[in-house]
Amino acid sequence: LAVRPNVITAVGDGAWNIPATWSCTCVPTSTDNVVIPSPRVVDVDGATATAEGLTIDAGATLNFNSNDSLLLNGDLLVNGLISSSTGLLGFVGTGAQELWNNSGSAITQFDFYANNSTTVSFKSGDWNITNFIKVAAGQLVNDGATVTLVSDASTQAQIQPSATNSFSGEFILQRYF
């Protein structure tokens, strides 16, 4: 039997759920750490994608092409780009999870979901949520980032029913009139 590598790297542009996209010629699972290097473009398209942790290098892109989901059990480090007019980014680990946006640009995410009995923490950069944010368990902490629930002529982001005391830190909630 072949041993799965500790880190799976995108070696081609394509869908997350296609083995040819990845260095292991497999589809990453919830126990795999994943790296998308420059100049790769990976699409979350057609199925729920999972990983332990995810690093998006400068010059690389992660696209959400439909109402699909990416569920992470570990940390997210973004030095590149996340393109999401639809789709859900979820944090479902059992230990503390951190989100780092070092790209120099705002990350705009359609849906954001946290179901972690400890904490999910925004650590750096700008994060814009355009549809909903929900904390099913644990606490969502803003610890150094700018997190905005966007409201404009076309969308009004909202906080869905969440766990008690589930938000800590400053979150900006816009309202369009």
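Numbers for residues simply follow the sequence, beginning at 1.
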Sequence neighbours left out, what passes side chain to side chain donor-acceptor pair (under 3.5 Å) with [X]? Give chain and number order.
X    : answer
S66  : D68
K134 : none
S103 : N101
D43  : N63, N65

What pairs meet the ring pair (Phe, Tyr, Trp, His ring centres under 6.0 Å) rule with one or both residues in [range], with sequence neighbours excluded?
range            : result
residues 132-154 : none
residues 35-55   : none
residues 8-43    : W16-W22

Please check if the side chain of [X] supplies one atom and the backbone of [Y] the other of a donor-acceptor pair under 3.5 Å.
X    : Y    : value
D75  : G53  : no
N73  : S30  : yes
R40  : T61  : no
N142 : A145 : yes
S84  : Q109 : no
S162 : Q160 : yes

Stepwise side-chain hydrogen bond (donor to acceptor under 3.5 Å, both in side chains) check, Y113 with D111: CA-CA 7 Å; Y113 176 75; D111 293 332; over 6 Å; no
With sequence neighbours left out, what residues match F171 under ring pair (Phe, Tyr, Trp, His ring centres under 6.0 Å)?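 For F171 the ring pair (Phe, Tyr, Trp, His ring centres under 6.0 Å) partners, ignoring immediate neighbours, are F167.
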Can you name the closest pair of heavy atoms from [X] and [Y] and give their distance?
X   : Y   : result
V11 : A20 : CG2-O, 3.8 Å
S38 : A58 : CB-O, 3.0 Å
A49 : V44 : CB-CG1, 4.3 Å

Set out, in order, the CA-CA distance, both residues' side-chain angles and the distance that settles side chain to side chain contact (heavy atoms under 4.5 Å, CB included) for L140 and S166, then state yes or no. CA-CA 6 Å; L140 185 61; S166 55; 5.9 Å; no
List the atom pairs, with distances to 0.1 Å, where a side-chain N or O of residues 87-99 and a protein N or O form a donor-acceptor pair under 3.5 Å, not counting sequence neighbours.
{"unit_1": "Q97", "atom_1": "OE1", "unit_2": "G93", "atom_2": "N", "d": "2.9"}
{"unit_1": "Q97", "atom_1": "OE1", "unit_2": "N116", "atom_2": "ND2", "d": "2.8"}
{"unit_1": "Q97", "atom_1": "NE2", "unit_2": "L72", "atom_2": "O", "d": "3.0"}
{"unit_1": "Q97", "atom_1": "NE2", "unit_2": "G74", "atom_2": "O", "d": "2.7"}
{"unit_1": "E98", "atom_1": "OE1", "unit_2": "W100", "atom_2": "NE1", "d": "3.0"}

OG of S105 to CG of N128, rounded to nearest 0.5 Å, is 11.0 Å
Applying salt bridge (charged side-chain N to carboxylate O under 4.0 Å, His left out), name anything that partners D126, two or more places apart in sequence or on another chain.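 Partners of D126 under the salt bridge (charged side-chain N to carboxylate O under 4.0 Å, His left out) test: none.
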Please list every donor-acceptor pair under 3.5 Å in which a side-chain atom of residues 148-158 meets a protein atom from a residue at least two apart or in another chain.
{"unit_1": "S151", "atom_1": "OG", "unit_2": "Y176", "atom_2": "N", "d": "2.8"}
{"unit_1": "D152", "atom_1": "OD1", "unit_2": "S154", "atom_2": "N", "d": "2.9"}
{"unit_1": "D152", "atom_1": "OD1", "unit_2": "S154", "atom_2": "OG", "d": "3.0"}
{"unit_1": "D152", "atom_1": "OD1", "unit_2": "T155", "atom_2": "N", "d": "3.0"}
{"unit_1": "T155", "atom_1": "OG1", "unit_2": "T130", "atom_2": "O", "d": "2.6"}

Taking side-chain contact (heavy atoms from CB on, under 4.5 Å) as the test, write out the residues that go with N67, two or more places apart. T86, F110
What I'd like to find out is whether the side chain of L77 reaches to under 4.5 Å of the side chain of N102, using heavy atoms alone. yes
